[in-house]
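A quick write-up on the structure given underneath.
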There are 2 protein chains.
Amino acid sequence: MAKRRRVGNLMGLAILSAIVFRPMHPYEMAGTLRGWGKDRDFEIKWGSLYTVVRNLAKHDLIAEVESSREGRRPERTVYRITDEGRAELVDWARELLSEAEPEYPRFRAGLSVMAVLGPDEVVTLLRQRLAAVEREIAEAQAAHELHAPRVPRLFLIELEYDLAMLEAERAWMGSLIEEIDGGTLPGLDGWRHHHETGEVPAEMVELAEESVETYGDKK
Amino acid sequence: MAKRRRVGNLMGLAILSAIVFRPMHPYEMAGTLRGWGKDRDFEIKWGSLYTVVRNLAKHDLIAEVESSREGRRPERTVYRITDEGRAELVDWARELLSEAEPEYPRFRAGLSVMAVLGPDEVVTLLRQRLAAVEREIAEAQAAHELHAPRVPRLFLIELEYDLAMLEAERAWMGSLIEEIDGGTLPGLDGWRHHHETGEVPAEMVELAEESVETYGDKK
DNA sequence: GGCGTATTACTCGTTGCCGAGTATACGCAC
DNA sequence: GTGCGTATACTCGGCAACGAGTAATACGCC
């Protein structure tokens with residue numbers, strides 16, 4: 001159950017993993033991460049970068065090395081990782097690899113409100129998304145082939161994970177589209193009827209009322 | 001490219017999808033969503049609930065119906081959906097079903113810093129997570145079986161998606177564990193050596209330096 | 001029938017995220 | 001040699017998000 005970290009933003013983990021090799025200033029960290037292609041794994045937002053770096057420093061996970069000023073450029077503060085930072089990096093990695101916290105992908109949210117649209121439109125939309133997913137797969141494959149000859153497999157693992165998940169998504173979406181489009185999805189008529197007339201099938205109303213009560217939660 | 005919405009929090013979508021049937025007060029919305037099992041799809045945080053409701057109202061996606069006070073209980077404000085809210089719900093659903101915005105699951109972040117740990121420890125950690133994923137699969141399956149006889153398939157789609165993704169994750173993790181544990185992962189010796197001695201394999205240093213420069217980004 | 005615990009229903013204050021803005025330097029075209 | 005686009009490097013303010021707190025009612029149970 002994901003312990004509360006002094007710096008919670010995953011960008012912090014990315015930063016720690018970058019400066020573990022050598023001291024850097026913030027902008028350089030971001031550049032290095034992009035260079036390693038880690039911007040696939042961590043969202044790099046410029047606004048957050050400096051906030052997170054400041055927080056890491058505040059909690060002594062990184063420390064200021066020097067603050068140089070070249071010409072009239074803005075001041076650049078170089079940071080190095082501390083022992084505490086190294087420990088946090090390792091501990092955080094352990095947590096992320098061993099725990100499976102629930103996440104809330106946007107597509108799942110979309111599926112859960114799918115019924116507000118009609119089945120025909122849903123098929124069209126899903127086809128669009130399927131195409132997008134396929135483009136992503138192609139991109140990821142290209143990236144993998146590009147790097148595979150020179151980069152040790154260890155550092156391509158996330159890409160491989162990504163690919164596996166994207167392929168699973170493609171397969172699942174494909175079969176859903178076929179079920180709706182082919183008319184084999186049970187309850188399709190009720191859905192279409194509801195959408196065309198606005199009538200809510202009787203059993204749903206019932207369900208809606210009752211479920212408020214009956215839902216026993218664990219936790 | 002995910003348009004900026006007046007209310008960005010997905011909790012807002014969930015609320016709209018709940019009060020589309022009948023007016024409710026905030027606490028009731030949360031209860032209804034939990035009753036429908038939608039807390040698998042949307043994270044319900046009490047702190048956010050009221051903020052989001054207030055924002056929805058501010059932007060006229062929902063409107064106040066009445067504000068009753070029973071006994072000396074805190075005041076309860078009941079909201080209904082507006083036409084604008086209905087339009088937003090539909091538009092938002094369309095977006096989520098058709099677009100594939102990149103997401104950043106925590107496990108991917110973990111994989112991307114995996115190298116800071118040794119291979120043996122990684123195997124142990126992955127086994128833990130695999131067990132957790134398997135528990136989740138079992139739970140999801142149980143939930144599906146419980147509801148399948150009474151709830152139309154349409155409303156179980158997200159659960160099915162969830163299951164498909166979890167199974168894909170299980171399969172992928174299983175094979176990764178085997179590759180590391182069985183010693184067939186290429187570069188395993190280098191990894192182990194690096195971890196035991198702290199030495200960074202020469203080709204990695206090189207890569208680290210060069211990649212900062214060479215990475216040509218698209219976008 | 002009194003007491004603890006759960007549930008209902010909401011408020012508030014803090015944290016921190018991040019979009020948008022700023023300002024210099026550099027390359028290269030003409 | 002000067003204009004202009006792009007890369008470098010960072011600052012800041014507003015607001016969304018949420019944890020923790022509050023306080024009343026209902027409920028179980030000995």
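Residue numbers begin at 1 in each chain, while the letters A, B, ... track the order of the sequences.
The Tyr27(B) side chain lies nearest to dT8(C) when the options are dT8(C), dT11(D), dA17(D). Nearest nucleotide to the Ser48(B) side chain, out of dC18(D), dC18(C), dC10(C): dC18(D).
One finds no side-chain N or O of Asn9(A) lying less than 4.0 angstrom from the OP1 or OP2 phosphate oxygen of dG16(C).
A 4.5 Å side-chain heavy-atom check between Leu33(A) and Asp39(A) finds every atom pair outside the cut-off.
For His59(A) and dT15(C), the NE2 to P distance is 10 Å, given to the nearest whole Å. Here the P atom of nucleotide dA9(D) and the CZ atom of Arg76(A) are 5 Å apart, to the nearest Å. The separation between Lys45(B) atom NZ and dA16(D) atom C1' is 12 Å, rounded to whole Å. Distance CE (Met24(A)) to C1' (dC10(D)): 18 Å, rounded to an integer number of Å. In this structure, the NE2 atom of His25(B) is 13 Å from the P atom of dT11(C), given to the nearest Å. Atom-to-atom, CG of Asn55(B) to C1' of dT11(C) comes out at 15 Å; the value is rounded to the nearest Å. Computed from coordinates, the Trp46(B) CH2 to dT7(C) C1' distance equals 10 Å when rounded to whole Å. For the pair Tyr50(B) OH and dC12(C) P, the computed distance is 13 Å after rounding to whole Å.
Projected onto DNA chain D by closest heavy-atom contact, Val52(B) and Thr51(A) fall at different nucleotides, the more 5' of which corresponds to Thr51(A).
The aromatic rings of Trp46(A) and Tyr27(A) lie parallel to each other, their planes meeting at an angle below 30°, with 60° marking the opposite boundary.
Among all heavy-atom pairs drawn from Trp92(A) and Val7(A), the shortest one is CH2-O, 3.2 Å. Shortest non-hydrogen contact noted between Ala14(A) and Ser17(A) is O-OG, 2.8 Å.
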